[in-house]
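Right, one structure below, let's go through it.
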Amino acid sequence: METKYLTEKDGDQAAAILRAGGLVGIPTETVYGLGANGLDAQAVAHIFEAKGRPQDNPLILHIPEASWLERYCQNIPAAAWALAEAFWPGPMTMILPRKDLVPDAVTAGLDTVGMRCPAHPVCREIIRLSDVPVAAPSGNTSGRPSPTTARHMLEDMDGRIDAIVDGGPCSVGVESTIIDLTCTPPRLLRPGGITLEQLRSVLGEVAVDPAVTRLLGAGEKPKAPGMKYRHYAPKAPVTVVAGEPARSAAYIAAHAGERDGVICFDEYMSLFTGRAAARPVMDLGPAGDKEEQARHIFDALRSFDHTDVPAIWAQCPDSKGIGLAITNRLNKAAGFHIIEV
Ligand code: TXA
Ligand code: MG
């Protein structure tokens, strides 16, 4: 199939394709999504085919406003309305008990469903015009880093989807925060654009799923099925070096092979780009600017797949604020191969 390239003015075309059961690449503020009509089980099945996604990994539904929660969810706790009020539209997904009209194809048979109200104006317009909840995972081939530009999504999906809408680069750069409201206390399943500190400011106590910060043992099951898969991984193996930035940069400079790729903070670029070095170096952004780092992390991981680097070394921020999401993505890309310096 030929993938139609649409711009933000073509929201009506994108909506028509969704209503007709097709697949559309949609921009969101977090990452690009691979959208289909979330009430059309057959269209949803095509998402799994296009991504090569395991069948037991549920999708989230994108809605234009919080009032739509009642259409697809039941027993909605007060906490959900409080979170929606504080952070929607925005990069937060809530896990809630679902109603029967949500197809099993979306929830992978679970009795809960992930609900998100995105902030990107183009995305909101497309959902509104299509007048259906849009099921959308990140628009990458399963296992690869999520796409934060239309070009990155086309690297994976050209010829596999009906259309893509280019809404510019994503302003957040990591996926939405997933908070499970079906347990007590509420549990963070995936850190993202809304920070743990922000969630706690509204909810009080919030537990953190173990899959967020460490590799699970055999027999342990994360609550978000997607967290168990190797993820965000470029082709070359990644080593994360955690610790104070000057120390982690020095460690990488001392240990990286001549041809190894490096992901580092702005301040240390010159350590790795000397005239003798043939290696690709990706700038994560200034050490003190985690928002900027979040916007660069997936680009950086993805860029090495155009090279033949034998290994990748990465600096990473501390886990305060959106740093928790950045370290989670880096650690997952590294299979939790982390060196503390
Ligand atoms: O920012 C985002 O959330 C992006 C954009 C496109 O909106 N979407 C996204 O979707 O990241 P996806 O499918 O790549 O990741 C959704 C995660 C998966 O790990 C999945 O297992 C989990 O959410 N999930 C979905 N439904 C769930 C449920 N009912 N219970 C627990 N986890 C769920
Ligand atoms: Mg994903």
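Excluded from the calculations below are hydrogen atoms, water molecules and symmetry mates; all remaining heavy atoms, backbone and side chain alike, are included. Atoms within each ligand, like the ligands themselves, are counted from 1 in listed order. Computed from a predicted structure; not experimentally measured.
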Could you tell me if T30 and R116 have a donor-acceptor pair between their side chains, going purely by distance under 3.5 Å? yes

Checking Q315 side chain against F265 main chain: does a donor-acceptor pair fall under 3.5 Å? yes

Below 4.0 angstrom from a heavy atom of L110, which ligand 1 atoms are there? Numbered from 1 as shown, please. 28 (C), 29 (N), 30 (N)

Quick one: which of P58, P118, P54 has a heavy atom closest to atom 33 (C) of ligand 1? P58

Out of E175, M227, R190, whose heavy atom is nearest to atom 15 (O) of ligand 1? R190

Dump the intermediate steps for side chain to side chain donor-acceptor pair (under 3.5 Å) on N37 and S130, then the final yes or no. CA-CA 8 Å; N37 176 354; S130 66; over 6 Å; no

Does NZ in K320 sit with more than 12 non-hydrogen atoms of other residues, nucleotides or ligands closer than 6.0 Å? no

Pull out every atom of ligand 1 sitting under 4.0 Å from any heavy atom of I60, numbered as shown with elements. 3 (O), 8 (N), 25 (C)

For N57 and ligand 1, does the shortest N/O to N/O distance drop below 3.5 Å? yes

At the 4.0 Å heavy-atom cut-off, does P91 count as touching ligand 1? no

Of all the atoms in ligand 1, which lie at a distance below 4.0 Å from a heavy atom belonging to K223? 31 (C), 32 (N)

Specify the protein heavy atom at minimum distance from atom 5 (C) of ligand 1: its residue, its atom name, and the distance to 0.1 Å. T30 OG1, 3.6 Å

Any idea which part of A136 is under 4.0 Å from ligand 1, heavy-atom wise: side chain, backbone, both or neither? backbone

Which residue from T182, I95, L59 reaches closest to atom 30 (N) of ligand 1 through any of its heavy atoms? I95

R53-ligand 1 polar pair, N/O distance under 3.5 Å: yes

Tell me which one of I322, L284, I263, T327 satisfies side-chain contact (heavy atoms from CB on, under 4.5 Å) with Q293. L284

The atoms of ligand 1 lying under 4.0 Å from a heavy atom of T112, numbered in the order shown, are 28 (C), 29 (N), 30 (N)

At a 4.0 Å threshold, what atoms of ligand 1 neighbour a non-hydrogen atom of S176? 1 (O), 2 (C), 3 (O)

Main-chain N/O of K99 paired with R71 side-chain donor or acceptor, under 3.5 Å: no

So for M94 against ligand 1, with non-hydrogen atoms under 4.0 Å, the contacting part is neither

Could you state the interatomic distance from CE (M115) to CH2 (W88), rounded to the nearest 0.5 Å? 6.0 Å

Strictly below 4.0 Å, N to O, side chains only: are D318 and K290 in salt-bridge contact? yes

Record the part of H62 in heavy-atom contact with ligand 1 below 4.0 Å; permitted values are side chain, backbone, both and neither. side chain

4.0 Å heavy-atom contact, T107 with ligand 1: no

Show, in sequence, the C-alpha distance, side-chain angles and deciding distance for S176 and R190, and conclude whether the side chain to side chain donor-acceptor pair (under 3.5 Å) test is met. CA-CA 8 Å; S176 62; R190 179 177 72 182; 3.2 Å; yes

Heavy atoms only, cut-off 4.0 Å: how does I178 contact ligand 1, side chain, backbone, both, or neither? side chain

Contact flag S138/the Mg ion (ligand 2), N/O/S atoms, threshold under 2.8 Å: yes

Pick from R329, R302, E175: which one makes a side-chain hydrogen bond (donor to acceptor under 3.5 Å, both in side chains) with S146? E175

More than 12 non-hydrogen atoms from neighbouring residues, nucleotides or ligands closer than 6.0 Å to CD on E65, yes or no? yes

